[in-house]
Amino acid sequence: MTSSIETLPPELFRFILAYLSPEDTSALAQTCHRMNIITRDDKIWQQYFLQRYIFSTNSIPYSDEEYLPSSALKFTEPPDNCTWQEYFIQRSLQDKHIRSLLNEIISIRIKRIHNAELISSTYGFLAFDVLRHYFSPSIDTSKQLNTSITLNLRNLTREYYSLDIARLISRNIGLSLLNDLKNRTETRTEGKALINALFIIQCFHPYGIFLSLNRLHLIGERLINDPIFSTLNVNEKCESIIKTMKIEKFLAANGGDEYYDLENSFLFSTFNGKPTIPLTLVAIFCALADECGLIARPIGFPGEVMIQVEQPLNNSIPLIISIFDGKIITLNEINVRLADVLDRPLTYPLFITPIIELVIRSARNIINSISRYTTSSLNSYGLYAAVSILKILGDGALPFAFHSMINVIKEHFPMDIRFLEMLSSPLTTLNDDLDQIRNQDLNPLPIEEKRRINSPPKFYAGQIFQHKQYNYWGVICGWDLICMASTLWQVRMGITNLLRGASQPFYHILANDSSRRYVAEDNINTDAFNLIDDQQEKYSIVQNLCSIDDIGKYFERVDVINARFIPNNELRNEYPDDFV
């Protein structure tokens, strides 16, 4: 007897299957011959594929024609004439391998760097389709559900390594893009060329790869779809673009601290409403001009970057725009402004600055910002970006003492073997360092246990606390029975002024501003959290602590009720008595 479900037409089955997961559909295919045939419908598998996968390729070339990384997000047809179902199976097997390598990285200290580099070099962008499922809610907004449920479900260690590997992939893509830019025989200067070149720098930002430049396309569409815009002349169109940039919060930074803030060198901050430097604004204007059918190119002057916009053929004199001032400017005004730095007055035609020269200029801006503000949390990322640019695009001369620079890189980016290989040369000892890193990756040093014997410390790794003097919140991630910091540090921090001085336990902590600190037991208050009556305030404090970049390096999850973070295996092995 034929069941009623088997009499349904195939097109209705296609509608039903859209509500099943690919795994359920595969199971259904094994129930009978007819289900096997129906579930092979390639339109169904195309739908499954496009729902699960965002990235279509492992790497991207530099482009001056479409926004980066758009080419990695395009799906047209499956490769090599395979079906969508075959392509889905192929990607599923790759996903399985990526998850297997990620699990090894999380659970085993051996070959951690090797496995991370294997994910990056083999899968690149494709790995993001696996890793993004483990990103924290602060990055993946779709996970921002009920606060208490979200905190209880989060695996902080998996979040940490997933994001760490994604950042490694992003930096390696940045290095590849720099090499691609260098090797191009011809690079346009107008349109999207400069904004894409600055996107390369963005690849070194901790959240760089999550930025989409397609917002500029949407802004451009709104401009050209305005019926009034088509009636404007070139001057008026440029003024309209400048006005629109201000409305979209693409603003010029003021002088002083704001101007030299390192964040200004990264598009991520600019696209999130932070005022920025002229070079970035010039890149945005040139891209929007291209969207509106205008040809705009960057012109670099000493201490300033402006824009040249081509006029119609019957007017050979181009427009010059000072984007920092937000207005069209005459050549005479430029000559007056730059009189002290020009050998002779400028005349038409003006020299269009090559894209590579502007990228190098951006690297020098980064170095200037690092030199002025040595405590920025972005300094290590900025250093990485600047060194990469100068090494690949410049003359090879690097801005800082080599060994101090390498120490920063090794501390903050321990998995970046490819970058260190790029910096190595016969004139340095870096090859020896690389051999040592690889050997330690294969044979990690044993974890030194710290036992709670002979006057143990009062507090435990994982406890949430408030600093008694400065009131910030933090979490303890380690301790020493006495202060182990240098004498110079103790003098600078006034340790002798404490009641018990340096003879008391000191705690390694992560503060809610993402800094690492070394705090005396006298300044630790673990009762403050439990004295808070407002549960929402408690969850807010814990959420801030969970957003610390390195929290997952030490802790697997959080126990809000008992005001403590639960350690991962490595921290548990180091402090075995703290987690009975």
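Position 1 is the first residue of the sequence, and the numbers go up from there.
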Indicate the atoms forming the closest heavy-atom contact of [X] with [Y], along with that distance.
{"X": "Thr157", "Y": "Phe555", "answer": "OG1-O, 3.0 Å"}
{"X": "Ile524", "Y": "Ile476", "answer": "CG2-CD1, 4.4 Å"}
{"X": "Gly220", "Y": "Leu288", "answer": "N-CD2, 4.1 Å"}
{"X": "Leu442", "Y": "Lys111", "answer": "CD2-CG, 3.7 Å"}
{"X": "Asp549", "Y": "Ser514", "answer": "N-OG, 4.2 Å"}
{"X": "Leu175", "Y": "Ile392", "answer": "O-CD1, 4.0 Å"}

Would you check if [X] and [Y] make a side-chain contact, meaning some heavy-atom pair closer than 4.5 Å?
{"X": "Tyr160", "Y": "Ile548", "answer": "no"}
{"X": "Val130", "Y": "Gln94", "answer": "no"}
{"X": "Asn155", "Y": "Glu159", "answer": "no"}
{"X": "Asp441", "Y": "Arg112", "answer": "yes"}
{"X": "Glu556", "Y": "Phe565", "answer": "no"}
{"X": "Tyr260", "Y": "Ser371", "answer": "no"}
{"X": "Leu177", "Y": "Cys203", "answer": "yes"}
{"X": "Leu510", "Y": "Leu545", "answer": "no"}

Going from [atom1] on [X] to [atom2] on [Y], what distance comes out if it is rounded to the nearest 0.5 angstrom?
{"X": "Asn103", "Y": "Ile98", "atom1": "CG", "atom2": "CD1", "answer": "12.0 Å"}
{"X": "Cys286", "Y": "Leu194", "atom1": "SG", "atom2": "CG", "answer": "6.5 Å"}
{"X": "Ile106", "Y": "Asn568", "atom1": "CD1", "atom2": "CG", "answer": "10.0 Å"}
{"X": "Asp290", "Y": "Glu65", "atom1": "CG", "atom2": "CD", "answer": "10.0 Å"}
{"X": "Ile321", "Y": "Ile241", "atom1": "CD1", "atom2": "CD1", "answer": "7.5 Å"}
{"X": "Tyr575", "Y": "Glu448", "atom1": "OH", "atom2": "CD", "answer": "9.0 Å"}

Crowded around [X] [atom1]? As in, over 12 foreign heavy atoms under 6.0 Å?
{"X": "Ile110", "atom1": "CD1", "answer": "no"}
{"X": "Tyr373", "atom1": "OH", "answer": "yes"}
{"X": "Arg557", "atom1": "CZ", "answer": "no"}

(request) Any chance you could lay out the ring pair (Phe, Tyr, Trp, His ring centres under 6.0 Å) test for Phe413 and Tyr381, step after step, and finish with the verdict? (result) CA-CA 9 Å; Phe413 310 102; Tyr381 297 97; 5.4 Å; yes
(request) Go through the steps to decide whether Phe210 and Phe135 satisfy the test ring pair (Phe, Tyr, Trp, His ring centres under 6.0 Å), and finish with yes or no. (result) CA-CA 12 Å; Phe210 306 113; Phe135 291 159; 5.4 Å; yes
Is a donor from one side chain sitting under 3.5 angstrom from an acceptor on the other, for [X] and [Y]?
{"X": "Asp480", "Y": "Tyr518", "result": "yes"}
{"X": "Ser486", "Y": "Arg492", "result": "no"}
{"X": "Tyr53", "Y": "Asp95", "result": "yes"}

Donor-acceptor pair, side chain of [X] and main chain of [Y], under 3.5 angstrom:
{"X": "Arg564", "Y": "Gly462", "answer": "no"}
{"X": "Tyr62", "Y": "Ala193", "answer": "yes"}
{"X": "Glu357", "Y": "Thr353", "answer": "no"}

Tell me, please, whether [Y] has [X] positioned over its six-membered ring: NZ or CZ under 6.0 Å from the ring centre and within 45 degrees of its axis?
{"X": "Arg154", "Y": "Tyr134", "answer": "no"}
{"X": "Arg132", "Y": "Phe55", "answer": "no"}
{"X": "Lys192", "Y": "Tyr67", "answer": "yes"}

(request) Could you walk me through whether Asp435 and Arg438 pass the salt bridge (charged side-chain N to carboxylate O under 4.0 Å, His left out) test, one step at a time? (result) CA-CA 5 Å; Asp435 289 340; Arg438 291 190 184 97; 3.8 Å; yes
(request) Test side chain to side chain contact (heavy atoms under 4.5 Å, CB included) on Leu126 and Arg91 and set out the steps. (result) CA-CA 9 Å; Leu126 301 181; Arg91 286 292 297 270; 3.6 Å; yes
(message) Once salt bridge (Lys or Arg N to Asp or Glu O under 4.0 Å) is applied, do any residues pair with Lys410, and if so which ones, sequence neighbours excluded?
(response) Asp433
(request) Let me see the working for Cys546 and Leu151 under side chain to side chain contact (heavy atoms under 4.5 Å, CB included), right down to the final yes or no. (result) CA-CA 8 Å; Cys546 285; Leu151 289 174; 3.9 Å; yes
(request) Among residues two or more places apart or on two chains, list those pairs meeting ring-ring contact (aromatic ring centres under 6.0 Å, His included) that have a residue in residues 168-205. (result) Phe204-Tyr384, His205-Phe266, His205-Phe268
Let me check something: any side-chain donor-acceptor pairs from residues 296-305 under 3.5 Å, sequence neighbours excluded? List them with distances.
unit_1	atom_1	unit_2	atom_2	d
Arg297	NE	Thr189	OG1	3.3
Arg297	NE	Glu190	OE1	3.3
Arg297	NH1	Glu310	OE2	2.5
Glu304	OE1	Arg337	NH1	3.3
Glu304	OE2	Arg337	NH1	2.5

(message) Quick check on side-chain contact (heavy atoms from CB on, under 4.5 Å): which of Thr280, Ile284, Thr270 does Leu198 satisfy it with?
(response) Thr280
(request) For His508 and Arg516, run side chain to side chain contact (heavy atoms under 4.5 Å, CB included): C-alpha distance rounded to whole Å, both residues' side-chain angles, the deciding distance at 0.1 Å, then the answer. (result) CA-CA 7 Å; His508 302 276; Arg516 296 165 179 261; over 6 Å; no
